[in-house]
Student: 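If you scroll down you'll find the structure; I have some questions about it.
Lettering follows sequence order; numbering is per chain, from 1.
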Amino acid sequence: MKRLINLQPPRISAVMLALLPFVFAFFAYVSFSNERLVANPNDKLLPAMSSFGAAIERMALVPSKRSGELLWWVDTASSLRRLGTAVAISAAIGLVVGIALGALPLVSAGMSPFVASLSMIPPMAVLPILFIVFGLGELSKVVLIVFGIAPVIARDIQGRVREIPRELIVKAQTLGASTWLVILRVVLPLALPRLIDAVRLSLGSAWLFLIAAEAIAATDGLGYRIFLVRRYLAMDVILPYVLWITVLAFAMDRLLRFVGRKAFPWHNAGASV
Amino acid sequence: MMRSIARFTRRSALLGLLCGLVALAVSSPVAAAEAKQKFKIAWTIYVGWVPWDYGETSGIIKKWADKYGIEIEVVQLNDYVESINQYTAGAFDGCVMTNMDALTIPAAGGVDSTALIVGSFSNGNDGIVLKGKSDLAAIKGQSVNLVELSVSHYLLARALESIGSSEKDITVVNTSDADIVSAAASDDVTALVTWNPQLAEIAKMPDAHIVYDSAKTPGEIIDLMVVNTEMLAANPAFGKAMAGAWYEIMSIMTKNDEAGLAARTNLAKVSGTDLAGYDSQLKTTRLFSSAADAVAFTQSADVQKTMKSVAKFSFEHGLLGEGAGSEDFIGIGYPGGAVTGDKGNVKFRFDDTYMKMAAEQKL
């Protein structure tokens with residue numbers, strides 16, 4: 001049937017189509033940048049591509065004059081450590097709480113509205129409280145991210161567990177499974193693949209909270225550097241950092257998808273999100 | 001295959017056309033040096049800058065703009081650094097900022113800028129706070145929370161210099177000025193540098209001591225109204241209207257009569273405090289309420305000495321940009337034609353022309 005929803009691009013065109021917006025953005029940037037640089041060769045707002053090259057070399061390959069460290073990699077390591085810790089903790093909390101809420105009506109009756117309310121609190125609004133309770137060090141940064149994404153993951157898992165066909169649970173019980181065994185052998189295998197998806201979707205928020213936490217009080221990190229050099233409008237450093245964050249986030253997303261496919265082949269066999 | 005190549009070629013032709021169109025359609029917003037009618041200035045909340053808001057709400061700025069046949073739009077921004085970045089990008093004709101930020105953001109970014117009005121300097125408005133210690137020397141070995149690369153950082157460098165120490169002896173933790181008060185409440189924060197009104201808030205906390213403040217280095221943190229130099233040269237009417245309005249605002253708000261108290265109460269409200277709070281901030285600010293004082297200060301040799309020290313600090317922290325080979329990379333001009341730094345690359349100027357006109361009642 002010749003309808004728009006049925007039209008598939010040919011293979012080569014599909015690649016071209018995917019590249020087109022990137023190419024367009026690149027050329028638009030270069031042309032705006034040139035225009036500003038002609039008017040003011042020292043313009044910092046839209047630096048030339050060569051300035052990016054110099055900035056990346058300076059940040060990633062030359063030890064800093066003040067500390068002797070390669071700032072780019074130090075920042076990346078700190079940010080990934082914070083993000084990784086927080087996402088792992090959030091996933092664990094999300095999984096346990098989500099399954100408990102989804103599978104046990106007694107827990108759900110008591111806790112579901114509370115977790116739902118908790119997930120609605122904007123984490124940035126409680127920052128002063130986090131500072132006073134958890135201090136200004138690494139802990140408060142990790143807590144901010146966990147506070148932001150764990151309730152969302154928990155609610156997602158809860159929903160997924162509730163979607164498990166009742167027949168499966170009944171069947172397991174007729175085979176003699178206890179509550180614990182049903183959770184372990186029926187609920188968990190169905191919830192784990194969903195956990196990967198939930199974590200993938202919450203990565204965007206996790207980065208947002210990470211950058212926010214680092215902007216407020218830090219001595220290193222990708223968000224710290226961006227907000228520090230913003231102080232003197234060093235877009236030649238900021239834009240490569242933004243690009244780098246995008247690359248890291250994209251790689252993490254793909255990695256999680258890969259892990260999900262390898263570890264849980266029974267889930268969504270073949271479909272991609 | 002051929003068809004998809006043909007399609008690709010057509011598409012790239014289309015793409016080129018689109019790029020060209022966009023480039024044509026969007027003209028650069030870089031401030032052009034031509035006479036114009038409408039001007040936009042930006043301000044952010046600080047004791048020495050809120051009077052601009054009073055000028056706007058009381059109609060004084062409009063009155064002076066009308067006198068010279070122009071329009072001046074006064075815009076309040078919430079974020080200080082963002083306001084300077086916007087000015088540097090060309091979105092505003094003028095913006096309030098300190099001498100150090102004027103040197104490191106617009107001037108280092110190649111935007112030739114002029115300090116049109118030298119409004120005040122910090123005389124205790126910026127300070128270093130230690131918890132549980134009352135001697136500056138105790139700062140050695142501590143983590144110090146402050147807005148990195150700001151005037152706080154500069155004040156800290158000057159304070160460390162005064163006790164024969166340097167930044168090597170401490171660890172700087174970049175902390176947002178919006179969150180520094182709640183950060184100060186946390187137990188693991190023991191030393192910090194900030195400005196008012198946050199400084200006053202933190203000093204009230206038990207066992208907090210202000211061990212050093214800007215009154216010990218008076219005249220080094222200067223609050224300015226900075227405008228684009230080329231734009232000013234093409235539009236002297238703008239400079240006259242601004243100076244005229246500013247000193248009329250000053251003459252009203254510094255008096256203790258009914259109108260002055262009402263004006264300061266308004267300013268206090270805008271700053272989120274009360275009359276007593278605002279007056280106490282004014283006490284730690286050397287406000288040049290008379291144009292003659294501002295001119296005398298701008299002409300003094302102290303300003304040159306300060307700017308040399310600020311340029312040195314900025315260069316050492318990489319704030320003058322990567323192209324800068326020394327602290328003299330950017331030239332700074334002063335009244336009477338004196339220049340410090342590179343004479344061929346003057347990007348920041350102290351200009352007393354319009355303040356002088358105000359002092360001589362020629363506006």
Student: Atom OG1 of B:Thr175 and atom CZ of A:Phe131: how far apart are they, to the nearest 0.5 Å?
Tutor: 8.0 Å
Student: Quick one: ring pair (Phe, Tyr, Trp, His ring centres under 6.0 Å) partners of A:Trp244, sequence neighbours excluded?
Tutor: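 For A:Trp244 the ring pair (Phe, Tyr, Trp, His ring centres under 6.0 Å) partners, ignoring immediate neighbours, are A:Trp72, A:Trp73.
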Student: Quick check against the 3.5 Å criterion: does B:Asn174 have a side-chain atom that pairs as donor or acceptor with the backbone of A:Ala218?
Tutor: no
Student: More than 12 foreign heavy atoms under 6.0 Å from CG of B:Asp187: is that the case here?
Tutor: no
Student: Starting at CD of B:Glu230, measure out to CG of A:Asn40 and round the result to the nearest 0.5 Å.
Tutor: 9.0 Å
Student: Distance from B:Ile105 atom CD1 to A:Lys44 atom NZ, nearest 0.5 Å?
Tutor: 7.5 Å
Student: For B:Ser186 and A:Gly135, work out which heavy atoms get closest and say how close.
Tutor: OG-CA, 3.3 Å
Student: Can you list the steps and then say if A:Thr219 with B:Val172 is a side chain to side chain contact (heavy atoms under 4.5 Å, CB included)?
Tutor: CA-CA 7 Å; A:Thr219 51; B:Val172 169; over 6 Å; no
Student: For the residue pair A:Ala215 and B:Ser176, what are the closest heavy atoms and their distance?
Tutor: O-CB, 4.2 Å
Student: Select one option (side chain, backbone, both, neither) describing which atoms of B:Glu167 are under 4.5 Å from chain A's heavy atoms.
Tutor: side chain
Student: For A:Phe26, enumerate each residue passing the ring pair (Phe, Tyr, Trp, His ring centres under 6.0 Å) test, keeping only those at least two apart in sequence or located in another chain.
Tutor: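 Ring pair (Phe, Tyr, Trp, His ring centres under 6.0 Å) check on A:Phe26 returns nothing, list empty.
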Student: Could you tell me which residues in residues 309-319 of chain B have at least one non-hydrogen atom under 4.5 Å from a non-hydrogen atom of chain A, sorted by residue number?
Tutor: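 So the qualifying residues are B:His317, B:Gly318, B:Leu319.
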Student: If I take atom CG from residue B:Asp179 and atom CG from residue A:Leu136, how far apart are they, to the nearest 0.5 angstrom?
Tutor: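 Going from CG on B:Asp179 over to CG on A:Leu136, the span is 9.0 Å.
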Student: I would like to know whether B:Leu149 and A:Leu228 meet side chain to side chain contact (heavy atoms under 4.5 Å, CB included); could you show each step before the answer?
Tutor: CA-CA 8 Å; B:Leu149 310 181; A:Leu228 181 65; 3.7 Å; yes
Student: With sequence neighbours excluded, what pairs up with A:Arg225 under the salt bridge (Lys or Arg N to Asp or Glu O under 4.0 Å) test?
Tutor: A:Asp75
Student: Nearest 0.5 Å please: distance from the CG atom of B:Asp101 over to the CG atom of A:Leu233.
Tutor: 12.0 Å
Student: With a 4.5 angstrom heavy-atom cut-off, is it the side chain or the backbone of B:Val173 that approaches chain A, or both, or neither?
Tutor: both
Student: For the CG atom on A:Asn6, are there more than 12 heavy atoms of other groups (residues, nucleotides or ligands in this structure) within a distance under 6.0 Å?
Tutor: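 Atom CG in A:Asn6 is packed in, count exceeds 12.
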Student: So for A:Leu45, is it side chain, backbone, both, or neither that comes closer than 4.5 Å to the heavy atoms of chain B?
Tutor: side chain
Student: Please look at A:Arg230 and chain B and tell me whether the side chain, the backbone, both or neither of the residue comes under 4.5 angstrom of a heavy atom of that chain.
Tutor: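 Interface part for A:Arg230: both.
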Student: Please report the shortest heavy-atom distance between A:Ile132 and B:Ala185, naming the atom on each side.
Tutor: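 Taking every non-hydrogen atom into account, CG1-CB, 3.9 Å.
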